[in-house]
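Scope of the values below: all heavy atoms of this structure, side chains included, with no hydrogens, waters or symmetry mates.
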Amino acid sequence: MTRTHSQDGGSCVWAPFTSHIDYEVARWAKLRGQGSTAFSDLLNIEGVCEQLGLSYRNSRELNNIIDSKIPACRPRFKRQEILVAGKAFDVYFRDILQCVKALYRDPELAPYLVFAPERHYSDEDQTQRLYHDMYTGNWWWHTQNDKPGATIIPILLSSDKTQVTMFRNKAAYLIYMTIGNLPKEIHRQPSRNAQILVGYLPTTKLEHITNKAARRRCLANLFHACVRHIVEPLVEPGKDGIPIASGDGVLRRGHPLLACYIGDYPEQLLVTGMKTGECPKCDIPSTELGSKDLPFEMHDLHQILDALALVDEDPSQFAKACHDAGVKPLYHPFWQELPHCNIYNAITPDVLHQIYQGLIKHLISWIKTAYGEAEIDARCKRLPPNHNIRLFMKGISVLSRVSGTEHQQICRFLLGLIIDIRLPDGASPARLIRAYPCHSDLTLELLSGALNRFHDNKSIFVDLGIRSSFNLPKLHSFQHYVSMIRMFRTTDNYNTEYTERLHIDLAKDAYHATNHKDEYMQMTLWLERREKMLWHAKFIQWRLHNGAAPAHLTKHPSVKRVTLASLADQYGALHFQAAMARFVVQLMQPGLTARQSEEAACHVNLPFQSVAVFHKVRYSIVGDDGLLNNVTIDAIHARPARRDCHNRRVPARFDTALVNLGNGGKMGVEGYRVAQVRVVFSLSANVKRALFGNVSVPDHLAYVEWFTPFTTPDINHGMYKVSRALYDGERQSSIIPIRNIRRSVHLIPKFGAVAPRDWTTSNVLDQCSTFFINVFTDRDAYVTIL
C-alpha cells in the first residue's frame, strides 16, 4: 500500500497510523463507532485487517496505539474520595489549572484570545456603549483596576445533571469550565472544544439519611465539598498570578479568577445557599417577586462570609448567624476562599430555563387560555414556510414535554399570531401585545422598555382570570438582566443551552460506550481517547492543508432548461419577458427615465426560449480566512409543485426575501424592500453576448414580485406592515441580481379576528393581501429590520 509522506520527506503524515485507511478507520471507531466489542468483531472477520492494511487487529491494540503514541492535549481525570456524613463518595475531576492552561495555549484558539478589557461604542461621540463579549463588560474593568499590569483570565463554570438512560433512572452530574478570554462565537461551537468537562460529581440521593432536612443539607455540603476540591488550585494563582503562555508563544502573568457560574434555578440556589422561591442574587421577599418598583439590595457577601466562618469557631452561633444573613448553613462553600469572587454577582441569567423554559412557557399557556387553543392552532397551521421558522402543522396545543428549543421556535412567531385576534368580553388586545417579553441583545434600553411594558400590562392576565399573582422567581430574574449585561456581556454568552448540548457527547455517548459497571472509570478513559483523536485529526488536517477549508459552491442548476411558458405556468412568473426586457434596458442604458425605459423595453427581443433554473439559494458564514464554511445559516426556496417518491403532491414554495435596492446598510430597513422570489436563473454565455455585449452581467439573476415599501412600524408590537405592490391590478415584478438579496424574510399573515380556514401554509402568500414582517426569526433579522 502506498504511503503519503510530508513534503519535507519526513515521516508518514498519518503517524502513528501507517496509512490513510489505517487512520480513517481508527478515527471512525473512536468518533463514530458503536462500541469496542462491535469494532473488534468487525476486525475479526477473516480478511478485513489484511485487505485494509490495518496496524491493529482489535480495540485493545487500537487503544494501546492511542494511549502510548498520541500525546494528550488536556489533563487526565483523577479520582478522589470525598467524605460526607460518614460516607465516602467518588468524584472524578481534572486539574482545573491545567485545563485553563490547555485552553490558553491551544494554537487553534490563539487568534481569538483577548488579554485586556475594551470599551466599544456605536457612535463617534462615544455616548452609546456596546456590550457583547466578556472583555467589553464592567467586571473585567473593575477587576483589572485591582490587578494593574496583570492578565485577567475569567473562569466560567457551569454544572447540570442529565439522564444518561431512558430507563433505570441513571444520571450524570457534569461540571464544565471555559475562559472568558475567548469570544462567545467560539464558546457556543462544540467543534471548537472550548468547553472542557472538568469533572463528574456524585449523583447520590443519600437515601440512607431518613430526615429530609438533614438529607438536603448533606447533599448541599457534598456538592460544595466536591467543587471546592476542583477549584482549590485556583486560589493561590488567583491571588499572586502564574506565568502562562498563550498559543502565540507569549508569556504573561495570568490571574485565573472565577467570574461567572452558569446554571438553572435549582443549581443557582445550590451554589448560593438560598432557599426555594427566593432570588439567588438579591434580598427581595419571595412574596414580592412580581413587583416592578419594590427596591432591593444584592446579598451582602461580607455578612454571609462572616456567618459561614463561625462553623469552625462557634457552631452554636453558626446556624443563627446564617439565618440572619439569609443563607443556608453551608460547610465551607467552594467560593469562600476564591479571590475576587462574589458568588452573588457571578450568578448569571439563564436564557434557556428563565426565558424559554420559564416565562415563555407560562406565557404560551396564558395566551392559549386567553384566545382558545383552536384559534391559536389554526394560525400556526397557516404560516408560510421559512428557513428559520419551524412550522407546527398540528398546532402547539397538542405538544407535551416541550423542550427549550421548541419554546424558542414558537417565540419566533408567537407575537404575529395574536396581533389582531379578539379577546373575550371585549378586552383590549393591545395590552397583551405590548406584554410580549422581547429580549434584545442590541440595546439595554429596549430590554428595560420591554420589561416595563410587561409589568405595566400584565394585569390583562388577571382581568381575564388566568393569573392571580406573578411571584415567579424566573420573572423577577429579569430585573437583574440589565446589570448583568453591563457587568458580564450579553446573555448569549452564558446560556446553559450550550453546555446541555455537550451532555450528548460527554455523558450519554460516554455512558453507552461502557459496560455499565464501574462506568465513570470507563467514561473518563473513553473521553480522553476521544479527545486525543479529535486533536490528532486537527493536526493531520493542518499538515495536509495548512489550515485551509474547502469551499463548496453549487455548480449545476436544478433544471437545465425551463421554457418561458413553463416559467409562467409552473413558477408563476407571469411577466418574465417584460421584466427581462426592462432589466436589459436598465443595464445597457442606465440614464433613461422610467417612462423611457418602458418604451425602450418594448423593442427588446429576447434571443432565448428557456433558462437554467435553481430551486434553492443557500447562505453561509464567511470565516476569518475569507472562505465559506459548510453551515447553511439561511436559505431561499423557489420551486414549483412536484411529486415525491411516493407520488404524493408536494406544494410549490416561493419564499420571500429582503432585497437591497442599492443603498441598504447592515442595520435598518432604509434601502431595503420585501419581495417574493419566483425564479432564480442563469443565462448562457451566448445569450449574454447577444443581449449585453461586453457589459458585465451577474451570473445568477432572480425574478421577484414586490411588496409595498417600508413605512412606520406599529406602535404596539413594532412590526412593519406590507402588502402586494400592484400596478393596474397586476403584481409589480423585476429581474434583480441574486447578490442584491440580503436574506430570507418571514411574513406573518394578517389573519383578522378569525383565521380563514381555506388558507394553508402553501397558498397563504397568494390568498392573504396584508402581512406583518417577522423580525424575531433570528438575530440577523432582528438587527437588520427592527
Side-chain angles (χ1 to χ4, degrees), residues 71-76 78 93-120 132-158 175-187 192-199 227-262 334-343 345-346 348 487-489 493-494 499 531 535:
C73 295
R74 290 181 175 176
R76 299 197 63 182
K78 298 180 289 185
F93 67 99
R94 285 167 159 160
D95 187 327
I96 191 171
L97 190 59
Q98 295 303 317
C99 291
V100 172
K101 292 180 178 180
L103 287 175
Y104 214 73
R105 66 170 176 249
D106 187 342
E108 187 179 1
L109 301 178
Y112 307 102
L113 286 175
V114 178
F115 306 104
E118 299 176 6
R119 289 188 177 96
H120 292 185
H132 44 89
D133 286 290
M134 174 157 276
Y135 63 89
T136 63
N138 291 331
W139 178 88
W140 200 330
W141 280 100
H142 296 159
T143 309
Q144 190 72 65
N145 292 334
D146 296 333
K147 298 285 185 183
T151 299
I152 304 299
I153 306 177
I155 306 298
L156 284 72
L157 293 181
S158 176
I175 180 167
Y176 302 93
M177 65 81 55
T178 187
I179 56 176
N181 306 84
L182 294 170
K184 58 188 178 184
E185 286 77 11
I186 304 299
H187 288 159
R192 294 285 191 174
N193 299 300
Q195 299 271 2
I196 296 182
L197 175 65
V198 75
V227 179
R228 183 172 65 250
H229 197 83
I230 293 174
V231 302
E232 187 177 6
L234 299 177
V235 176
E236 294 304 322
K239 296 176 182 177
D240 306 325
I242 54 171
I244 185 170
S246 54
D248 55 6
V250 178
L251 194 66
R252 297 176 174 85
R253 177 168 62 93
H255 291 256
L257 303 172
L258 178 61
C260 298
Y261 201 101
I262 304 165
F334 72 85
W335 38 265
Q336 190 172 8
E337 301 296 332
L338 291 178
H340 297 278
C341 174
N342 186 333
I343 195 63
N345 287 336
T348 58
M487 184 176 297
F488 291 119
R489 58 202 172 152
N493 287 271
Y494 31 75
T499 52
E531 287 179 348
W535 287 104

### Query
Yes or no on side chain to side chain contact (heavy atoms under 4.5 Å, CB included) for Leu157 and Trp335, after CA distance, side-chain angles and deciding distance?
CA-CA 12 Å; Leu157 293 181; Trp335 38 265; over 6 Å; no
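- Pairing each heavy atom of Ser246 with each of Arg252, the nearest pair is OG-NH1, 2.9 Å.
- Expressed to the nearest 0.5 Å, how far CG of Leu103 lies from SG of Cys73 amounts to 11.5 Å.
- Atom SG of Cys260 sits about 7.5 Å away from atom CH2 of Trp139, to the nearest 0.5 Å.
- Environment of CD in Gln98: crowded, with over 12 heavy atoms of neighbouring residues, nucleotides or ligands closer than 6.0 Å.
- Side-chain contact check for Leu97 versus Ile242: some heavy-atom pair is nearer than 4.5 Å.
- By the 4.5 Å heavy-atom criterion applied to side chains, Val100 and Met177 are counted as neighbours.
- For the pair Ile153 and Leu257, the minimum side-chain heavy-atom distance is 4.5 Å or more.
- Interatomic distance, Ile262 CD1 to Thr348 OG1, rounded to the nearest 0.5 Å: 5.0 Å.
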### Message
One pair to check against side chain to side chain contact (heavy atoms under 4.5 Å, CB included): Val231 and Leu258. What are the steps and the verdict?
### Response
CA-CA 9 Å; Val231 302; Leu258 178 61; over 6 Å; no
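- Residues Thr151 and Tyr104 are in side-chain contact: their nearest non-hydrogen atoms beyond the backbone lie under 4.5 Å apart.
- The CZ atom of Arg94 sits 11.5 Å away from atom NZ of Lys78, with the distance rounded to the nearest 0.5 Å.
- Other residues, nucleotides and ligands place more than 12 heavy atoms under 6.0 Å from the CZ atom of Arg119.
- With rounding to the nearest 0.5 Å, the separation of CG in Asn138 from CZ in Phe488 is 10.0 Å.
- Without hydrogens or angle criteria, His340 side chain to Ala259 main chain gives no donor-acceptor distance under 3.5 Å.
- Looking only at side-chain heavy atoms (C-beta outward), Arg192 and Glu108 come within less than 4.5 Å of each other.
- Between the side chain of Asp133 and the main chain of Lys184, a donor-acceptor pair closer than 3.5 Å is present.
- With contacts defined as side-chain heavy-atom distances shorter than 4.5 Å, the pair His120/Tyr135 qualifies.
- Checking side-chain atoms of Lys147 against main-chain N and O of Asp240 turns up no donor-acceptor pair under 3.5 Å.
- With hydrogens and angles ignored, the 3.5 Å screen pairs no side-chain donor or acceptor of Glu232 with any backbone N or O of Phe334.
- In this structure, Thr178 OG1 and Ile196 CD1 are separated by 7.5 Å, a value rounded to the nearest 0.5 Å.
- The side-chain heavy atoms of Trp140 and Asn181, taken from C-beta on, include a pair separated by under 4.5 Å.
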### Message
Working note: Asp106 + Asn193, criterion side chain to side chain contact (heavy atoms under 4.5 Å, CB included); need CA distance, chi angles, decisive distance, verdict.
### Response
CA-CA 10 Å; Asp106 187 342; Asn193 299 300; over 6 Å; no
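- Here the side chains of Pro339 and His255 are not in contact, with every heavy-atom distance at 4.5 Å or above.
- The shortest heavy-atom contact between Met134 and Pro154 is SD-CB, 3.3 Å.
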### Query
Does the side chain to side chain contact (heavy atoms under 4.5 Å, CB included) test come out yes or no for Leu338 and Val235, once each step is laid out?
CA-CA 5 Å; Leu338 291 178; Val235 176; 4.0 Å; yes
